[in-house]
Novice: 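Got a structure for you, written out below as structure tokens; questions coming shortly.
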Protein chains: 2
Amino acid sequence: MIKKLAQTRESDDIFELSSFTPYLLNQAAEAQSDVFSRNYRDRYGMLRTEWRVLFHLGRHGDMSAKEISESASIHKTKVSRAVRALEEKRFLSRVTSPDDRRSERLSLRPPGQEAFRHLSRAAQDYEAALEQRLGKRDACKLRELLKRLDGT
Amino acid sequence: MIKKLAQTRESDDIFELSSFTPYLLNQAAEAQSDVFSRNYRDRYGMLRTEWRVLFHLGRHGDMSAKEISESASIHKTKVSRAVRALEEKRFLSRVTSPDDRRSERLSLRPPGQEAFRHLSRAAQDYEAALEQRLGKRDACKLRELLKRLDGT
DNA sequence: TGTTGTTAGTTACTTTTGTAACTAACAAGA
DNA sequence: TCTTGTTAGTTACAAAAGTAACTAACAACA
């Protein structure tokens, strides 16, 4: 009898892509990101990097592009493009830093602050809904595990 | 006394990006993906979609692009491009399906099978190392939670 | 002051992905 | 056979991201 390899493998413990953690992480990340992106995409026409930059400014107050780049682990060219896009949307303004004329102080303007507040609430609601779905205990556990994976 | 909003916020329960699940998912997914990608990128010059397609073929035997697309949740244009790249690397061959001349039967050629086996082992090693790091219990829990998030 | 090395940010170029339109083949009737 | 509608896969075009080179400003020191 000729063994059908592919068939046989189905049943034993050959590695399955669907339980490969990097794969699962990616699927879950994409799924969650897609859902939440409606909040900033549909209403403000923002991209993910823009929303992140906006969030950092709203959360931490005025910063330079460099500071955002480091604090958020976003490459400086991505930050640069996001800053320009946010500026074009009148969400932030830049002022050359007096003590170092290479760098610029980025500040949210009122519409940017408004968007920040709105998106901040949306994010909290999103998180609450997720806790609802997974249960408080598992939602915490998930965050904890993800943080442990973050560095490496 | 003038309140410094940004300062004040640091200490209370204002929402932090660093505990926003979609953000954490994304960071963790990128970190893990970057590490594992060395395996297929450096040695075979493959992109992520190519490795996924290769894996599906190795795991499930001959398939059409459509079947891969559905089974792996990858858009058909991405599959199309990955298939072409794998074909150029001599990792797979295509034969027009006799019962439907629109579709093609994709088969791994020996070098493709070899790459599949190698990457399959690498993936298992990777997973084992992760279990080592997180502990068996937490690694399982993580996969379980990610699967629950996958659909939505 | 002039030189050398570094840094903040931008731009140019390339690669990759997403979207939509397309081709060729099929299927089910009229 | 001649529609009409659908499907597998590709291609063309546009959007986004990565990489490297660049500009202008700084810093330290001969």
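Owing to the predicted nature of the structure, the values given are computational and were not obtained by experimental measurement. In what follows, chains are A, B, ... by sequence order, proteins preceding strands, each numbered from 1.
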Novice: So which of residues 85-99 of chain A are in contact with DNA chain C, with a heavy-atom cut-off of under 4.0 Å?
Specialist: A/R94

Novice: Between atom CZ in A/R48 and atom C1' in D/dA15, what is the gap in whole Å?
Specialist: 15 Å

Novice: Under the salt bridge (charged side-chain N to carboxylate O under 4.0 Å, His left out) criterion, do B/K89 and B/E50 qualify, and how do the steps go?
Specialist: CA-CA 11 Å; B/K89 293 184 179 76; B/E50 292 168 45; 2.7 Å; yes

Novice: Quick check on D/dA16: is either OP1 or OP2 less than 4.0 Å from any side-chain nitrogen or oxygen of A/K78?
Specialist: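 For D/dA16, neither OP1 nor OP2 has a side-chain N or O of A/K78 closer than 4.0 Å.
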
Novice: Would you say the side chains of B/T21 and A/E127 form a donor-acceptor pair under 3.5 Å?
Specialist: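 A pair is found: one side chain offers a donor N or O, the other an acceptor, under 3.5 Å apart.
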
Novice: If I take atom CG from residue B/L92 and atom CZ from residue B/R109, how far apart are they, to the nearest 0.5 angstrom?
Specialist: 8.5 Å

Novice: Side-chain donor-acceptor pair under 3.5 Å between B/S71 and B/H56, yes or no?
Specialist: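 Side chains of B/S71 and B/H56: pair found under 3.5 Å.
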
Novice: Starting at atom CE of A/M46, determine the distance to atom P of D/dA16, rounded to an integer number of angstrom.
Specialist: 14 Å

Novice: Using only atom types and a distance under 3.5 Å, with no angle test, would you say the side chain of B/Q27 pairs donor to acceptor with the backbone of B/L24?
Specialist: no

Novice: Both A/K66 and A/E30 contact DNA chain C. Taking the nearest nucleotide for each, which residue is further toward the 5' end?
Specialist: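 Result of the comparison: A/K66.
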
Novice: Would you mind reading off the distance between A/Y40 atom OH and D/dA16 atom C1', rounded to a whole angstrom?
Specialist: 13 Å

Novice: What nucleic acid atoms does B/R84 come within less than 4.0 Å of, heavy atoms only: base, sugar-phosphate, or nothing?
Specialist: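 Here B/R84 touches the backbone only, sparing every base.
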
Novice: Nearest-Å distance, CG (A/L47) to P (D/dG18)?
Specialist: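 Taking atom P of D/dG18 as the reference, CG of A/L47 is at 12 Å.
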
Novice: Any luck finding a side-chain donor-acceptor pair between B/Q32 and B/Y126 under 3.5 Å?
Specialist: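 A donor-acceptor contact under 3.5 Å links the two side chains.
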
Novice: Can you classify the ring geometry of A/W51 versus A/F36 as parallel (below 30°), tilted (30 to 60°) or perpendicular (above 60°)?
Specialist: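 Tilted.
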
Novice: In this structure, how many angstroms lie between the P atom of D/dG18 and the CD1 atom of A/I74, rounded?
Specialist: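 Atom-to-atom, A/I74 to D/dG18, this comes out as 10 Å.
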
Novice: Hey, any chance B/Y23 and A/L47 share a hydrophobic cluster, counting ILVMFWY side chains that come within less than 4.5 Å of each other, even indirectly?
Specialist: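 Shared cluster, no.
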
Novice: Would you kindly compare A/T77 and A/T49 by the position of their nearest DNA chain D nucleotide and give the one closer to the 5′ end?
Specialist: A/T49

Novice: Say whether, by atom type as modelled, one donor and one acceptor occur between the side chain of B/S120 and the main chain of B/R117 under 3.5 angstrom.
Specialist: no

Novice: Could you tell me from which nucleotide to which nucleotide of DNA chain C, 5' to 3', there is an atom under 4.0 Å from chain B heavy atoms?
Specialist: C/dT16 to C/dC26

